[in-house]
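Data first, discussion second: the structure below is written as structure tokens.
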Amino acid sequence: MSESGSLQIVHGVCSHDCPDTCSWKAEVEDGRAVRLYGDRSHPFTRGVLCAKVNHYLERVYHPDRLLYPLRRCGKKGSGSFERISWEAALQEIAQRWASLIEEEGGESILPYSSAGNQGLIQHSSLDMRLFGLLGFSRLDRNICGNVAHEGLCATQGCGTGINPEDIEHSRLIVLWGTNTRVTNLHLWPVIEQARKRGGKVIVIDPIRTRTAAAADRHLAVNPGTDTVLMLAMMHVIIQEGLHDPEYIRDYSEGFEELAAHVLQFTPEYAASITGLTAQEIVEFAREYATTTPSLLRPLIGLEHHPNGAMMFRTIACLPVLTGAWRHRGGGLSRSTGAFQFSALNIDALLMPDTWQKDCRSLNMRDLGRILSGTEDIKPVRSLLVYNSNPAVTMPNQRLVRYGLERTDLFTVVHDLFLTDTARYADIVLPATSQLEHLDIVPSWGHHYISLNQPAIAPRGECVSNTELFRRLASVLRRAESWLFDSDEQLLRAALSGDHPMLKGITLESLREHGSQHLHHEAEWLPFAAGGFSTPSGRARLSSPALAESGLPALPVPGCIPARPAGQLQLITGKTLHFLNSSYSHHERHQNREGTLWIEIHASDAANRGLADGEVVVVSNEQGEICALCQVSDRVRPGVVWMPFGGLRDALGAPAHVNLLTPEAPTDWGGGSGFYGCFVDVFQGKMREG
Ligand SMILES: Nc1nc2c(c(=O)[nH]1)N[C@H]1C(S)=C(S)[C@@H](COP(=O)(O)OP(=O)(O)OC[C@H]3O[C@@H](n4cnc5c(=O)[nH]c(N)nc54)[C@H](O)[C@@H]3O)O[C@H]1N2
Ligand SMILES: Nc1nc2c(c(=O)[nH]1)N[C@H]1C(S)=C(S)[C@@H](COP(=O)(O)OP(=O)(O)OC[C@H]3O[C@@H](n4cnc5c(=O)[nH]c(N)nc54)[C@H](O)[C@@H]3O)O[C@H]1N2
Ligand code: SF4
Ligand SMILES: [Mo]
């Protein structure tokens, strides 16, 4: 913290679920934050925030911010609440939970959270200690990232990739199923630097996104068919001798089987599946294999398909075949999250040894099924939701909302705003913003670890997540001192240990510098000389371990659902002005995004007699919503695109694309095949009136 006159300047860091983890500075006058801007001295932030967080102070001081605990006084979902004291709120929770624990066991209570705050201790710390000790149901937080991680692990034994800052050295950058210029804005200058040095950008995406429009080449692949493209690339690379025999010999296993297997995936076959031409496929494979260094960057788009894990298992074979890992700027770059977490002392933070053993684990993706009784399990009687807004963000919304309406379900929601989920709560608790609490934020998009210092006092009666869990432990009459550790103690626990990457990184040094790079050699390359994290240390082109678990040993196309006749495949994407559903309470962000729309190819619009600008119904067996029809050449025939997040329909009502998406499981990794979603689009009235 620095001071000039009565003005204090406080270093903080964005806690949104975004790879960029920007460092910021908040200027505080008389206890009120008056300015917030990106830290100019931070090499990744470069003094810039984004279209969402440029207005963060509006979020902090928003008139709709929850400032006090509330108790429901109307029907669930109606949004009628009355103010109550913290004491009354906590007493009610303690009473309800105590009788549930006694009568039905701790597993009848499900704490439900995601990465709404991805700070180290506000994401997971005292909650895990408390709920683990009490034997509550655990949550598989698999909606984002896990499928990709598990897929990469099948080939590499770990999810590690190169340092994203090294992408400036790449000569060919393949942005594969990621919309960098919208979702990972601060990587774009690194990519532009590579371009200045002669690098080229290829985007593979069914949609001509902002990123695709800015690339050197865009390959508009059919959704879900990327595995076939990857296998055909391997076919071309091996047939034309463009692979790196020495790297393969020294650092991989199963090459012979793979080489024989990919013979069947000819460019012509792949063309018939992917919608690209055979020539495009051959050229792309050659360019990929002959450009050094070449970099693949798949982020999340690929994992929201039923074959999501196979997408990542397969893509990870490519840089092994070409030996791209040898070169700085070559290989693959995805989330840096696991890499950051490997340096931190997570056991000291979460204390898993104190958790009750054998508690059931429920998949967050299945919330609707869990709450509505569709799953044959012991019922969940109480939910505590924080860091998440599942009534918008989880698939199969009709079922989620049906479950949330249950009168015997006791729901507590802790959030900054009265979200769609909070509207179904019995008790709503007010949460602090990132300006009001302490944390460290490890990044999943770079190698800096950053300290967020509180800049202002909590507004109203807001409390941070960690403070909520201390209060819950107290009202539940727990005596264990480690349930009451302060935020500073928690951070010190996580920084304890002697991991070499934390050399020179302490709470004190972070207070001094704000943000520090993990300690590793400047020229660090993860697999230049093999050293994969498999038992043999070799990358698995063929994997006996996968075969043992009943999955194909070799990379295969995986489940690519066929499009039912007459229907269109719906891809739902992130928007510029919302962070998933966050910022949907902000008029400015609503206005920028406009009314919910659907982009449809001219040929599909003509077949259905749809005109640009008219209101259409988008419908399937799960639900239906209204949207403005936008005839667009950004989408391929057969594919439609809708924005996901906090948009409203033409009547101003919240309109959720997840009414249409299935909770279809991914092949492994426990995720959701959101994009294996098919819809009818037509004129006229909604079936439900
Ligand atoms: N502005 C903004 N930024 C965000 C977010 C936000 O909501 N708004 N959300 C944050 C979060 S939680 C995450 S996980 C990241 C996600 O970051 P990204 O991975 O970039 O995000 P997605 O929009 O999920 O997917 C990226 C692209 O995959 C494409 N895609 C879909 N199916 C396929 C396919 O079968 N093949 C190929 N090749 N491409 C496909 C989509 O059209 C989309 O353009 O963004 C983060 N950043
Ligand atoms: N159709 C479709 N669905 C998707 C996706 C998609 O691309 N298409 N993307 C998926 C992905 S990748 C993700 S990550 C998920 C995201 O799903 P969610 O994690 O549910 O994301 P948000 O909508 O941002 O909700 C986060 C909530 O946490 C609250 N919050 C923020 N900070 C704090 C805090 O410190 N304490 C508490 N208690 N609350 C806080 C915010 O106000 C917000 O209401 O959505 C998934 N759903
Ligand atoms: S949402 Fe992402 S890009 Fe925006 S300020 Fe936060 S970390 Fe940076
Ligand atoms: Mo995500």
Side-chain angles (χ1 to χ4, degrees), residues 13-24 38 45 48-54 56 59 113-119 122-123 143-145 175-180 182-186 203-207 209 211-212 219-226 229 298-305 311 335 364 385-395 413-417 419-422 429 431-434 437 439 441 443-445 464-465 468 569-585 639 641-642 644-646 656-658 660-661 672 674-675 677:
V13 51
C14 180
S15 63
H16 287 315
D17 187 358
C18 167
D20 295 5
T21 313
C22 295
S23 276
W24 68 40
T45 306
V48 178
L49 297 175
C50 65
K52 307 164 294 278
V53 178
N54 280 334
Y56 195 73
R59 183 168 171 83
S113 67
S114 188
N117 183 329
Q118 59 167 358
Q122 304 303 340
H123 178 267
I143 207 73
C144 177
L175 301 173
W176 203 317
T178 176
N179 189 3
T180 312
V182 170
T183 60
N184 188 190
L185 188 69
H186 293 80
V203 168
I204 307 187
D205 197 308
I207 317 297
T209 59
T211 310
L219 296 175
V221 68
N222 274 329
T225 67
D226 304 69
L229 172 58
L299 218 56
I300 300 291
L302 295 181
E303 78 166 65
H304 289 328
H305 284 275
M311 294 264 206
S335 167
M364 68 187 311
V385 181
Y386 55 102
N387 285 352
S388 184
N389 183 15
V392 178
T393 56
M394 290 305 120
V413 176
H414 182 229
D415 205 301
L416 287 82
F417 289 91
T419 59
D420 282 55
T421 311
L429 302 170
T432 42
S433 75
Q434 188 71 349
H437 53 236
D439 211 342
V441 189
S443 169
W444 58 277
S464 65
N465 295 0
L468 170 65
Q569 184 154 10
L570 172 65
I571 304 290
T572 49
K574 317 285 193 195
T575 60
L576 201 55
H577 297 94
F578 296 117
L579 197 294
N580 301 317
S581 77
S582 299
Y583 293 91
S584 48
H585 296 84
V639 177
W641 187 89
M642 292 179 88
F644 154 72
H656 301 308
V657 293
N658 277 326
L660 304 164
T661 58
S672 171
F674 282 115
Y675 297 163
C677 176

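Note that ligands are numbered from 1 as they come in the structure, with each ligand's atoms numbered from 1 the same way.
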*Run the numbers for me: atoms of ligand 2, each under 4.0 Å from some heavy atom of Ser114, listed by number.*
19 (O)

*Considering only heavy atoms, does Leu468 approach ligand 2 within less than 4.0 Å through its side chain, its backbone, both, or neither?*
neither

_With a cutoff of 4.0 Å, is Val392 in contact with ligand 2, counting heavy atoms of the residue only?_
no

*What part of Thr21 sits under 4.0 Å from ligand 3 if we count only heavy atoms: the side chain, the backbone, both or neither?*
backbone

*Quick one: look up the protein heavy atom nearest atom 42 (O) of ligand 2 and list residue, atom name and how far away it is.*
Asp415 OD1, 2.7 Å

*For atom 1 (S) of ligand 3, grab the closest protein heavy atom and report residue, atom and distance to one decimal in Å.*
Lys52 CE, 3.6 Å

*Given that the side chain starts at C-beta and the backbone is N, CA, C, O, which of these parts of Thr572 lies under 4.0 Å from ligand 2, counting heavy atoms, or is it both or neither?*
both

*asked:* Please list the nearest protein heavy atom to atom 24 (O) of ligand 1 with its residue and the distance rounded to 0.1 Å.
replied: Tyr675 OH, 3.4 Å

*Which protein non-hydrogen atom lies closest to atom 31 (C) of ligand 2, naming both residue and atom, and how far is it?*
Gly116 O, 3.3 Å

*Find all atoms of ligand 2 within a distance of less than 4.0 Å from any non-hydrogen atom belonging to Ser581, and give their numbers and elements.*
22 (P), 23 (O), 24 (O)

*asked:* atom 6 (Fe) of ligand 3 and Cys14: any N/O/S contact shorter than 2.8 Å?
replied: yes

_Residue Leu299 vicinity, atoms of ligand 1 by number, heavy atom under 4.0 Å_ = 17 (O), 19 (O)

_Distance under 4.0 Å to a non-hydrogen atom of Arg59: what atoms of ligand 2 satisfy this?_
41 (C), 42 (O)

*Among all protein heavy atoms, pick the one closest to atom 36 (N) of ligand 2 and tell me residue, atom and distance.*
Asn465 OD1, 2.7 Å

*Any idea which protein heavy atom is nearest atom 7 (O) of ligand 1, and the distance to it?*
Asn580 N, 2.7 Å

*asked:* Give the atom numbers and elements of ligand 1 that come within less than 4.0 Å of a heavy atom of Val182.
replied: 1 (N), 2 (C), 3 (N)

_Can you confirm, on distance only, whether ligand 1 has an N/O atom lying under 3.5 Å from any N/O atom belonging to Thr178?_
yes

_Return the closest protein heavy atom for atom 44 (O) of ligand 1 as residue, atom name and distance._
Asp205 OD2, 2.6 Å

*For atom 15 (C) of ligand 1, the protein heavy atom that lies nearest, with its residue and separation*: Trp444 CH2, 3.8 Å

*For atom 45 (O) of ligand 1, what's the nearest protein heavy atom and its distance?*
Thr183 CB, 3.2 Å

*Give the residue, atom name and distance (to 0.1 Å) of the protein heavy atom nearest atom 4 (Fe) of ligand 3.*
Cys50 SG, 2.3 Å

*Identify, by atom number and element, the atoms of ligand 1 in contact range of Leu302, meaning under 4.0 Å from any of its heavy atoms.*
36 (N), 37 (C), 38 (N)

*Can you list the atoms of ligand 2 that are under 4.0 Å from a heavy atom of Tyr386?*
38 (N)

*Pro223 neighbourhood, listing ligand 1 atoms whose heavy-atom distance to it stays under 4.0 Å*: 35 (O)

*In terms of residue, atom name and distance, what is the protein heavy atom nearest to atom 46 (C) of ligand 2?*
Thr393 O, 3.5 Å

*Just one of Thr178, Thr209, Asp20 clears the side chain to side chain contact (heavy atoms under 4.5 Å, CB included) bar with Thr183, so which one?*
Thr178

*At a 4.0 Å cut-off, with the gap strictly under it, does some heavy atom of Lys52 reach an atom of ligand 1?*
yes

_For atom 8 (N) of ligand 1, the protein heavy atom that lies nearest, with its residue and separation_ = Phe578 O, 2.7 Å

*Using a strict cut-off of 4.0 Å, indicate which atoms of ligand 1 neighbour a heavy atom of Ile204.*
37 (C), 38 (N), 39 (N)

*Leu185 heavy atom under 4.0 Å from ligand 3*: no

*How far apart are the C-alpha atoms of His304 and Phe644, what are their side-chain angles, what is the distance that settles it, and do they pass the ring-ring contact (aromatic ring centres under 6.0 Å, His included) test?*
CA-CA 13 Å; His304 289 328; Phe644 154 72; 8.7 Å; no

*asked:* With a cutoff of 4.0 Å, is Phe674 in contact with ligand 2, counting heavy atoms of the residue only?
replied: yes

*atom 35 (O) of ligand 2: the protein heavy-atom neighbour that sits closest, reported with distance to 0.1 Å*: Asn117 ND2, 3.0 Å

*Which residue and heavy atom of the protein sit nearest atom 2 (Fe) of ligand 3, plus the separation*: Cys18 SG, 2.3 Å

*What atoms in ligand 2 come closer than 4.0 Å to a heavy atom of His414?*
37 (C), 38 (N), 39 (N)

*In the protein, which heavy atom is nearest to atom 33 (C) of ligand 2, and how far is it?*
Asn387 OD1, 3.4 Å

_Looking only at the side chains, is there a donor atom on one of Trp444 and Gln118 sitting less than 3.5 Å from an acceptor on the other?_
yes

*Can you sort out which atoms of ligand 1 are near Gly224, meaning under 4.0 Å from one of its heavy atoms?*
34 (C), 35 (O)

_Numbered atoms of ligand 1 (with element) below 4.0 Å of Cys144, judged on heavy atoms_ = 14 (S)

*What protein heavy atom is closest to atom 40 (C) of ligand 1, reported as residue, atom name and distance in Å?*
Pro206 CD, 3.3 Å

*asked:* Could you tell me, atom by atom, which parts of ligand 1 come under 4.0 Å of a heavy atom of Thr209?
replied: 44 (O)

*Identity and separation of the nearest protein heavy atom to atom 5 (C) of ligand 2*: Phe644 CE2, 3.4 Å

*So which protein heavy atom does atom 8 (Fe) of ligand 3 come closest to, and at what separation?*
Cys22 SG, 2.3 Å

*Looking at atom 3 (N) of ligand 2, what's its closest protein heavy atom, distance included?*
Asn658 ND2, 3.1 Å

_With heavy-atom distances below 4.0 Å as the criterion, list the atoms of ligand 2 near Lys574._
5 (C), 7 (O), 9 (N), 10 (C), 11 (C), 12 (S)

*Which heavy atom of the protein is the closest neighbour of atom 1 (N) of ligand 1, given with residue, atom name and distance?*
Thr575 O, 2.8 Å

_I'd like to know if Gln434 contacts ligand 2, where contact means a heavy-atom distance under 4.0 Å to any ligand atom._
no

*When only distance counts, is Ser388 in polar contact with ligand 2, meaning an N/O pair under 3.5 Å?*
yes

